[in-house]
Amino acid sequence: MTYLSDDAALIRGNLPASAQPPSDADALFLLYAVLMRAKGEQVTASDVHDAWAAWQQSLNPEHPALVPFRELAPAVQDEDEPYVAAIHAATRILAAQSRV
């Protein structure tokens, strides 16, 4: 495993039980790990959507949610929030570990 794989696993581990990421989303969580390293607690739902869109484009370029975040219905926008929270939580955990 690499540091990005470790970060991706930490993010995944901080998702609430209600979040249901696809089982084949390892590459998506690597993108979330890059977001976390680049933006930390400044990551937004729009950022999460952009990472998801980059991942989804290679899987299903016709997916109806491949539009800018602001064009998504509010209910669809809300689906990104658990991932934002998980990235924020993972950022805090890594920051606390680096202080030890």
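Residue indices begin at 1 and follow the sequence shown.
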Leu72-Leu35 co-clustered via ILVMFWY side chain contacts under 4.5 Å = no
Output the distance between atom CH2 (Trp55) and atom CG (Leu31), rounded to the nearest 0.5 Å.
-> 9.5 Å
Enclosure of Gln42 CD (heavy-atom neighbours >12, cutoff 6.0 Å) = no
Lys39 NZ to His88 NE2 distance, which is reported to the nearest 0.5 Å = 9.0 Å
Roughly how far, to the nearest 0.5 Å, is CG of Leu66 from CD of Glu71?
-> 11.5 Å
Connected via hydrophobic side-chain network under 4.5 Å: Val76 and Tyr32 = no
Got Thr91 and Ile87 here, is their nearest side-chain heavy-atom distance under 4.5 Å?
-> yes
Locate the shortest heavy-atom distance separating Leu15 from Pro82; write the atom from each residue and the value.
-> CD2-O, 3.6 Å
Single-linkage hydrophobic cluster Tyr3~Leu94, side-chain heavy atoms < 4.5 angstrom = no
Enter the distance from Ile93:CD1 to Ser98:OG here, rounded to the nearest 0.5 Å.
-> 12.0 Å
Treat each ILVMFWY residue as a node, draw an edge where side-chain heavy atoms are under 4.5 Å apart, and state whether Val48 and Leu59 are in one component.
-> yes
Is any side-chain heavy atom of Leu28 less than 4.5 Å from a side-chain heavy atom of Pro21?
-> no
Between Trp52 and His63, what is the ring plane arrangement, given parallel below 30°, perpendicular above 60°, and tilted in between?
-> perpendicular
Report yes if some heavy atom in the side chain of Val43 is under 4.5 Å from a heavy atom in the side chain of Met36; otherwise report no.
-> no
Can you find a heavy atom in the side chain of Thr44 that is under 4.5 Å from one in the side chain of His49?
-> no
Hey, could you give me each pair passing side chain to side chain donor-acceptor pair (under 3.5 Å) that has a residue in residues 11-24? Not counting sequence neighbours.
-> Arg12-Asp26
Distance, nearest 0.5 Å, that separates CG of Asp47 from CZ of Phe69 | 9.5 Å
